[in-house]
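Values in this document were obtained by computation on a predicted structure and should not be read as measured data. Chain letters run A, B, ... following the sequence lines, proteins first, then strands; residues in each count from 1.
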Protein chains: 2
Amino acid sequence: MTAQSMPPAQLALQLRDAITRLNRRVRQARPVGDLTVTQLSALTSLRLAGALTPRELADVERVQPPTMTKIVAKLEERGLVQRTPHPTDGRQVILATTEGGQAVLDQLERVRDGWLARRLTELSDTDRETLHRAAEILQRISHA
Amino acid sequence: MTAQSMPPAQLALQLRDAITRLNRRVRQARPVGDLTVTQLSALTSLRLAGALTPRELADVERVQPPTMTKIVAKLEERGLVQRTPHPTDGRQVILATTEGGQAVLDQLERVRDGWLARRLTELSDTDRETLHRAAEILQRISHA
DNA sequence: GCAGTTCCTTAGTTAGGCTAACTATCGTGA
DNA sequence: TCACGATAGTTAGCCTAACTAAGGAACTGC
């Protein structure tokens, strides 16, 4: 079936099916240091940005602030992120990765998303190119 | 960045990022009759297959049997699926959609995945074609 | 006919999401 | 200047969704 003959509603179903199943699969594989996909994602975003407030990190991760409070609490428990008070605004907190957090991400650099990466290795260049373009589209959609 | 210059490990990261975020978004929108995405997915698979045992449905949905027990329990509570004993094997149960379940799916046919479908409508034919091909690849991967 | 296996369920845990409501701080306008 | 609304973060409580461990019931093979 081509794009011309597939209406958005049907594509939505197929796409949702694909992402929910793949999401389950990816979540099953807990790769690095017992961190979940969600925790790793937050940690990665934090390092990428350098330092963020919880609200900013919540916005980046597309979750509500209380959810980010929990995620950050888990990461802090493990000593992977650090909270420092904002220099001028007493309400705000600055989050940053610790050396331990950097180490975990460095390890991630080496291990990466093993299961998914292995599957991708088995694909053709064309398929990988398709997935790459699809990922860009989906990221754009998610931020709409 | 093209497929040639993007190694599988990096593509895996990008793809994982895209699907986890989109998954969060899709889960937020509870479309039909108070059913969750997970429940709808199971119900859809069940109708597609006609009738399945819980184990088979769990395999299709890529969850562990206890998880499927809970999902089926919720669907049964709402009268959307029916359990009948296996004719010869007393351990097994046969699951099938009820008329109510069919009705919900028919309604779904009409409403479909609203939020996602709307986003897809805004895309170009080329982008939709890309997503369609990507979904096929991802579905294949999830079952590997 | 017993031992092992399979199927399903129950029980309990954990992660991750939400909303509502609270505390503390900030900023501003009368 | 100070009272009050707005903002940042957390807490509390609830839900879904996944897991593992362990159990009972039924089947199967020797």
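Each of D:dA17, D:dC19, C:dC8 was ranked by its minimum atom distance to the side chain of B:Val93; first place goes to C:dC8.
Judged as a side chain to side chain contact (heavy atoms under 4.5 Å, CB included), and not counting sequence neighbours, the contacts of B:Thr44 are B:Leu105, B:Leu108. Residues satisfying the salt bridge (charged side-chain N to carboxylate O under 4.0 Å, His left out) test with B:Arg119, not counting sequence neighbours, are B:Glu122. Taking A:Glu61 as the reference, B:Arg21, B:Arg24 meet the salt bridge (charged side-chain N to carboxylate O under 4.0 Å, His left out) condition, with sequence neighbours excluded. Judged as a side chain to side chain donor-acceptor pair (under 3.5 Å), and not counting sequence neighbours, the contacts of B:Arg91 are B:Asp89. Here B:Glu77 pairs with nothing under the salt bridge (charged side-chain N to carboxylate O under 4.0 Å, His left out) rule; sequence neighbours left out. Taking B:Glu99 as the reference, nothing meets the side chain to side chain donor-acceptor pair (under 3.5 Å) condition, with sequence neighbours excluded. For B:Arg55, the side chain to side chain donor-acceptor pair (under 3.5 Å) criterion is met by no residue, not counting sequence neighbours. The side chain to side chain donor-acceptor pair (under 3.5 Å) search around B:Gln39 returns none, not counting sequence neighbours.
Contact check of residues 45-54 of chain A against DNA chain C (heavy atom, cut-off under 4.0 Å) returns no residues at all.
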With the criterion being N/O to N/O and under 3.5 Å, what pairs connect the protein with nucleotides 10-14 of chain C, and how long is each?
unit_1	atom_1	unit_2	atom_2	d
C:dG12	O6	B:Lys70	NZ	3.3

Show the distances under 3.5 angstrom between N or O atoms of the protein and N or O atoms of nucleotides 27-30 of chain D.
unit_1	atom_1	unit_2	atom_2	d
D:dC27	OP1	B:Thr88	O	2.9
D:dC27	OP1	B:Gly90	N	2.4

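Here B:Thr38 lies in heavy-atom contact (under 4.0 Å) with sugar-phosphate atoms only.
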Show every donor-acceptor pair shorter than 3.5 Å between a side-chain atom in residues 64-76 of chain A and any protein atom, with sequence neighbours excluded, or say none if there are none.
unit_1	atom_1	unit_2	atom_2	d
A:Thr69	OG1	A:Pro65	O	3.3

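Atom CG in A:Leu95 sits roughly 14 Å away from atom P in D:dA8 (whole-Å rounding). Rounded to whole Å, the distance from CD1 on B:Ile94 to C1' on C:dC7 is 12 Å.
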